[in-house]
Undergrad: 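Have a look at the structure that comes next, please.
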Number of protein chains: 2
Amino acid sequence: MSITDTEVEDALASFEAFLRRKRLKMTAQRRTMIRTALKHVGHFTAEDLYRRLTEAGAAVSMATVYRGLTLLEEAKLLEGHDFDGTRRYERLVDREHHDHMICLDCQRVLEFQDDDIESLQEKAAKRHGFDLADHRLVLYVRCPEGDQPERCHRAESMRTA
Amino acid sequence: MSITDTEVEDALASFEAFLRRKRLKMTAQRRTMIRTALKHVGHFTAEDLYRRLTEAGAAVSMATVYRGLTLLEEAKLLEGHDFDGTRRYERLVDREHHDHMICLDCQRVLEFQDDDIESLQEKAAKRHGFDLADHRLVLYVRCPEGDQPERCHRAESMRTA
DNA sequence: ATAACTGCAAAGCATTTGCAATCTT
DNA sequence: AAGATTGCAAATGCTTTGCAGTTAT
């Protein structure tokens, strides 16, 4: 679930390579931001990251957080989702691809994988003459009829939205 | 592609039933809004609908358009999507379910269907102990390497985002 | 040196909301 | 009559941007 320090440092190195490629610069703010962002378990918003940075005593402005998140996404260290009006990010480093299931009863977000669906998506794109670049699949689900909403909360790979 | 007048009037009747069920009221604004919205081909934003209403001489405020779109979605006459920051709607009446493919090269939106993917989604939800209520699948694609971007524009079931 | 980065505050954009007047039922 | 709806303008919430000063390469 959690990321190791070595993985964080490796990611940092790969981000530096990304910056060099784009002729951009590494700064103290970006370094702190990456370390903090990658250590975040589950989904987080710009606001969440900003709060953590602030609480840790790091002086990074909200504007810089937004600009940094965009870069981290371009560098493929983070992946962004638009589940609702607020963009949510999650670490991509050292995590397998997955889609999301959102329970309309308890609002929780569950992660799942389905290789068959993945390969059919590839085929669907091809069938229409395109190359699949990326995709977003969200399943809106409900706790089975008659079940207590808590049932939902017990699910294993659960994350807070 | 287009909807018939009869279908529009039927939809209107079903919306009135929906309102009655919820103890809400039918108004001139809502009537005009539905007729205009349902006749819209492809995807449209609140702004698009507002413009059409205004151009047709109907006096409906933006606030009412937003409030109405929410109701039309609840009544399942429209379906909303969050492809980007602006919500886009499409007529649900008399249309089969489909997902979307968005070309990152030419920005166009293509509709597609895949029954196998649909049924696997159902199974995935079940496997995790939930009932599938709804879903959103968006494939981000690219015109094949070496192709002119126009290739993309020629695709049949294309819609403007 | 040069170009990129940062913080700040202001601006932007889509959408929502409080309220008084006005319609539906 | 009671409650829902409307338009307006103000407010909201998230995100972006212009600018002047600072910093990395």
Side-chain angles (χ1 to χ4, degrees), chain A residues 12-13 15-37 43-54 56-75 78-89 161, chain B residues 12-13 15-37 43-54 56-75 78-89 161:
Chain A
L12 206 46
F15 188 59
E16 286 185 321
F18 167 84
L19 291 177
R20 227 171 292 120
R21 229 176 298 131
K22 296 217 152 203
R23 301 229 169 62
L24 301 178
K25 293 163 179 173
M26 176 53 91
T27 65
Q29 286 92 330
R30 289 180 179 169
R31 237 183 301 267
T32 322
M33 213 185 302
I34 297 174
R35 294 211 175 99
T36 311
H43 300 146
F44 61 92
T45 64
E47 187 69 39
D48 292 334
L49 179 53
Y50 177 71
R51 190 169 341 101
R52 287 215 180 185
L53 286 165
T54 303
V60 181
S61 73
M62 199 65 207
T64 299
V65 167
Y66 272 108
R67 292 189 269 232
L69 284 172
T70 305
L71 281 177
L72 287 175
E73 206 178 347
E74 279 180 45
L78 295 182
E79 181 169 271
H81 299 280
D82 282 307
F83 295 142
D84 62 347
T86 309
R87 194 158 185 80
R88 277 153 215 287
Y89 297 86
Chain B
L12 206 45
F15 188 59
E16 286 184 322
F18 166 83
L19 291 177
R20 226 171 294 122
R21 229 175 299 131
K22 295 218 151 199
R23 301 228 168 63
L24 301 178
K25 293 161 180 177
M26 176 53 90
T27 64
Q29 287 92 330
R30 287 179 180 171
R31 236 185 300 267
T32 322
M33 212 185 303
I34 297 172
R35 294 213 174 97
T36 310
H43 301 145
F44 60 92
T45 62
E47 186 69 39
D48 291 335
L49 179 52
Y50 177 70
R51 191 170 338 103
R52 287 215 180 185
L53 287 165
T54 304
V60 182
S61 73
M62 199 65 205
T64 299
V65 167
Y66 273 108
R67 292 189 269 230
L69 283 172
T70 304
L71 280 177
L72 287 174
E73 205 177 348
E74 278 180 46
L78 294 182
E79 182 168 272
H81 298 281
D82 282 309
F83 295 142
D84 61 349
T86 310
R87 195 158 183 80
R88 277 152 215 287
Y89 297 85

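In this text the structure is predicted, and so the values were computed from the model without any measurement. Worth knowing before you read on, the calculation uses all heavy atoms, side chains too, and leaves out hydrogens, waters and symmetry mates. All chains are named by letter (A, B, ...) in the order of the sequence lines, taking the proteins before the strands, and each is independently numbered beginning at 1.
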Undergrad: List for me each residue that meets salt bridge (Lys or Arg N to Asp or Glu O under 4.0 Å) alongside A:R87, sequence neighbours excluded, and say none if there are none.
TA: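 With sequence neighbours excluded, A:R87 shows a salt bridge (Lys or Arg N to Asp or Glu O under 4.0 Å) to A:E73, A:D82, given in chain and number order.
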
Undergrad: Under the side chain to side chain contact (heavy atoms under 4.5 Å, CB included) criterion, do A:V60 and A:T36 qualify, and how do the steps go?
TA: CA-CA 12 Å; A:V60 181; A:T36 311; over 6 Å; no

Undergrad: So do the side chains of B:R52 and B:F44 get within less than 4.5 Å of each other, counting heavy atoms only?
TA: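 Contact flag for B:R52/B:F44 side chains = no.
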
Undergrad: For B:M33 and D:dT5, what is the distance between atoms CE and P respectively, to the nearest whole Å?
TA: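 In whole Å, D:dT5 P lies 11 Å from B:M33 CE.
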
Undergrad: In whole angstrom, give the distance that lies between atom CG of A:L69 and atom P of D:dC14.
TA: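 One finds 14 Å between P of D:dC14 and CG of A:L69, rounded.
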
Undergrad: Can you give me every donor-acceptor pair (side chain of residues 25-32 of chain A, partner residue at least two apart or in another chain, under 3.5 Å) with its distance?
TA:
| residue | atom | partner | partner atom | Å |
| --- | --- | --- | --- | --- |
| A:T27 | OG1 | A:R30 | N | 3.2 |
| A:R30 | NH1 | A:K25 | O | 2.7 |
| A:R31 | NH1 | A:E16 | OE2 | 3.4 |
| A:T32 | OG1 | A:A28 | O | 2.7 |

Undergrad: For B:E47, which residues count as a side-chain hydrogen bond (donor to acceptor under 3.5 Å, both in side chains) partner, sequence neighbours excluded?
TA: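 For B:E47 there are no side-chain hydrogen bond (donor to acceptor under 3.5 Å, both in side chains) partners, ignoring immediate neighbours.
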
Undergrad: Which parts of residues 57-66 of chain A get close to DNA chain C, meaning a heavy atom less than 4.0 angstrom away?
TA: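 When residues 57-66 of chain A is checked for heavy atoms under 4.0 Å from DNA chain C, the hits, listed by number, are A:A59, A:V60, A:S61, A:A63, A:T64.
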
Undergrad: Which atom pair, heavy atoms only, marks the closest approach of B:M33 to B:L69?
TA: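 Answer, listing the atom of B:M33 first, then B:L69: SD-N, 4.5 Å.
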
Undergrad: May I ask you to say what A:R67 touches in the nucleic acid, namely base, sugar-phosphate or nothing, with a heavy-atom cut-off under 4.0 Å?
TA: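 The residue A:R67 makes base contact.
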
Undergrad: Bend across the helix from C:dG12-D:dC14 to C:dT25-D:dA1, to 10°, with axes taken over 5 pairs at each end?
TA: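 Nearest ten degrees gives 30° for this helix.
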
Undergrad: Indicate every side-chain donor-acceptor pair of residues 61-68 of chain A with a distance under 3.5 Å to a residue at least two apart or in another chain.
TA:
| residue | atom | partner | partner atom | Å |
| --- | --- | --- | --- | --- |
| A:S61 | OG | A:T64 | N | 3.3 |
| A:S61 | OG | A:T64 | OG1 | 3.1 |

Undergrad: Name the first nucleotide and the last nucleotide along DNA chain C (5' to 3') that come under 4.0 Å of a heavy atom in chain A.
TA: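 Listed 5' to 3', the contact boundaries are C:dA3 to C:dC8.
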
Undergrad: Please identify each residue that fulfils side-chain contact (heavy atoms from CB on, under 4.5 Å) with A:A17, with sequence neighbours left out.
TA: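 If we apply the side-chain contact (heavy atoms from CB on, under 4.5 Å) test to A:A17, skipping adjacent residues, the hits are A:R20, A:R21.
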
Undergrad: Check the interface with nucleotides 23-25 of chain D: list each N/O to N/O pair with the protein under 3.5 Å, or write none.
TA:
| residue | atom | partner | partner atom | Å |
| --- | --- | --- | --- | --- |
| D:dA24 | O3' | A:M26 | O | 3.3 |
| D:dA24 | N3 | A:K25 | NZ | 3.2 |

Undergrad: Which whole-number value in Å describes the distance from B:R30 CZ to D:dG7 C1'?
TA: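 After rounding, the reported distance stands at 14 Å.
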
Undergrad: With sequence neighbours excluded, tell me which residues meet side-chain contact (heavy atoms from CB on, under 4.5 Å) with B:T86.
TA: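 For B:T86, the residues satisfying side-chain contact (heavy atoms from CB on, under 4.5 Å) (neighbours in sequence not counted) are B:T45, B:D84, B:R88.
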
Undergrad: The criterion is ring pair (Phe, Tyr, Trp, His ring centres under 6.0 Å); which residues satisfy it with B:F15, sequence neighbours excluded?
TA: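 Expected list: B:F18.
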
Undergrad: What nucleic acid atoms does A:Q29 come within less than 4.0 Å of, heavy atoms only: base, sugar-phosphate, or nothing?
TA: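 Sugar-phosphate contact only - A:Q29 comes under 4.0 Å of backbone atoms but never of a base.
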
